[in-house]
There are 2 protein chains.
Amino acid sequence: MKVLIVDDDALIRDGLKILIELEADFEVTGTAANGQEALEMCQKQRPDLVLMDIRMPVMDGVLGTKLIKQHFNTIKVVILTTFKDDDYIKEAIRSGAEGYILKNQPADSIIESLRAVGKGNTVFQREVVSALSTMLKDEKKPPVKLGLSDREQEILGLIAEGLSNKEIAERIYLSEGTIRNYTTGLLEKLKLRDRTQLAIFYLKNF
Amino acid sequence: MKVLIVDDDALIRDGLKILIELEADFEVTGTAANGQEALEMCQKQRPDLVLMDIRMPVMDGVLGTKLIKQHFNTIKVVILTTFKDDDYIKEAIRSGAEGYILKNQPADSIIESLRAVGKGNTVFQREVVSALSTMLKDEKKPPVKLGLSDREQEILGLIAEGLSNKEIAERIYLSEGTIRNYTTGLLEKLKLRDRTQLAIFYLKNF
DNA sequence: TAATAAACATGACATATGTCATATGAACTT
DNA sequence: AAGTTCATATGACATATGTCATGTTTATTA
């Protein structure tokens, strides 16, 4: 497997190169110091996999990954970094990287991760996943069937946008009184007291 | 590495067993047909890793994983399933599984994933990660510093809980009129029109 | 010390909100 | 056809909400 190493720190580049080339099934085709260079080298060398640092001058790893993915969609990218920062993780996943692993782990572990990625999987380090799991959206409880009619649903939604009864009436061509009646019905059905609670309910449950 | 295979389908159990035992560094210590059995076998065999199906009678894979993790925290669990259902993925991650891979991939790919997990990483299949990435919480914009006093913040929060002015007054020992005044101030500062909009604003931005 | 600013309060007022009884026409059921 | 249901409407009413001018107390600052 042909690997491109990207890191702004020459020492790390060289260290990784030596480590990886110890493995019979790996070959390091080159090294780059930032996303920009990485992109150029992908053009020339067509590696199978890019091992990418995040924080680098000129062009960081996230953008680098996005661009590489965009131009060469068969090239896998593994982010190898010291930061288990939430935002980086999220961005990395969105950018399409196949891995997000930290520099604090032993070489053989990194190698195995690269092999798994080579086989088409995606690898994260445990700590990274736990960080991730707290970022998961809370249950959007599937359509909490609450016997609301279409009209009621619609009006509830508009209330949750912050519209007044009059505005809602104008928006959907009904009289203000009718909207008031619907509001009363919604409050009754949802066992709430006022429109603010309706809005809160809606935002929390839909 | 000692592996326990858990699947309610005997054919799959046997197939996996044969496949895995072809690898010199793996040993299948046993098989189980559901989470319940899996838990018992973990007790007796102390495998390094459990390969776990999700949908099974008696006790499903998610609960099985949770229990195994709870009782034997050194045992790794990899979910191997046909479903890339959002809810399963989320639950699996929360349950502490080290992997979530699909049955639709070649054997060597699965083996590499297991090795990577053995080395302490977490492996997901690409499709699974893309499903995941849509589930990531949207940016909680960092505390949008909005020159609100402590009292204002507090009252805004209470409005967003759905309390009336009177209730807020009782809760924090101020007069209802004062709460009204604070509300007016909040509306002015946030350029909003009524308490419902305040609640919406709060829920969306804090 | 006098001036000023914060935090809280009051009362008067206009408007919005929510409740309720009642009504109408259209669609559907028996 | 008579009855029922549904969506919409109206008006009267009580209460909640929001605005504003003004006032008190206390702490801070010039």
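In what follows, chains are A, B, ... by sequence order, proteins preceding strands, each numbered from 1. Note that the structure is a prediction, hence the values are computed from the model and not measured.
For the pair A/Lys166 and B/Gly177, both in contact range of DNA chain C, the more 5′-proximal nearest nucleotide belongs to B/Gly177. A residue-by-residue look at B/Tyr182 and A/Gly185 shows that B/Tyr182 has its nearest nucleotide of DNA chain C further toward the 5' end.
If you measure from atom CD1 of A/Ile179 to atom C1' of C/dG18, you get 14 Å, rounded to the nearest angstrom. Put simply, CG on A/Leu174 is 11 Å from P on D/dT10, counting in whole angstrom units. Between the CG atom of A/Asp194 and the C1' atom of C/dT19 there is a distance of 14 Å, rounded to whole Å. As a whole-Å value, the separation of A/Arg180 CZ from D/dA7 C1' is 18 Å. The CG atom of B/Leu158 sits 17 Å away from the C1' atom of D/dT17 (whole-angstrom rounding). When the P atom of C/dT19 is taken as reference, atom CG of A/Leu198 falls 10 Å away, rounded to whole Å. We find that CD of B/Glu167 is positioned 16 Å from P of D/dT15, with the value rounded to whole Å. If you take CG of B/Leu192 and C1' of D/dG18, they are 13 Å apart, rounded to a whole angstrom.
Between A/Arg195 and C/dT17 there is a side-chain polar atom (N or O) within less than 4.0 angstrom of OP1 or OP2. Phosphate proximity of C/dT17 to A/Asn165: present, with a side-chain N or O under 4.0 Å from OP1 or OP2. Residue A/Thr184 places no side-chain N or O under 4.0 Å from the OP1 or OP2 atom of C/dG18. Within the 4.0 Å cut-off from OP1 or OP2 of D/dT8, not a single side-chain nitrogen or oxygen of A/Ser175 is found. Here B/Arg151 reaches the OP1 or OP2 of C/dC8: one of its side-chain N or O atoms lies under 4.0 Å away.
Of all heavy-atom pairs between B/Leu4 and B/Ala32, the closest is CD1-N, 4.4 Å.
Of the listed nucleotides (C/dG18, D/dC20, D/dA9), D/dC20 has the atom at the smallest distance from the side chain of B/Asn181. Considering only the side chain of A/Leu187, C/dT19 comes nearest among C/dT19, D/dT10, C/dA9.
A salt bridge is defined here as a Lys NZ or Arg NE, NH1 or NH2 lying under 4.0 Å from an Asp or Glu carboxylate O, and A/Lys69 with A/Glu98 meets this definition. One finds no salt bridge joining A/Glu40 and A/Lys44 here, because no Lys/Arg side-chain nitrogen approaches an Asp/Glu carboxylate oxygen to under 4.0 Å. Between A/Glu167 and A/Arg171 there is no salt bridge, since no side-chain nitrogen of the basic residue lies less than 4.0 Å from a carboxylate oxygen of the acidic one.
Note on A/Thr183: only backbone sugar-phosphate atoms sit closer than 4.0 angstrom, heavy atoms only; bases stay farther off. Backbone-only engagement by A/Ser164 is indicated by non-hydrogen atom pairs under 4.0 Å involving sugar-phosphate atoms exclusively.
Heavy-atom contacts from other residues, nucleotides or ligands closer than 6.0 Å to NZ of A/Lys166 number 12 or fewer.
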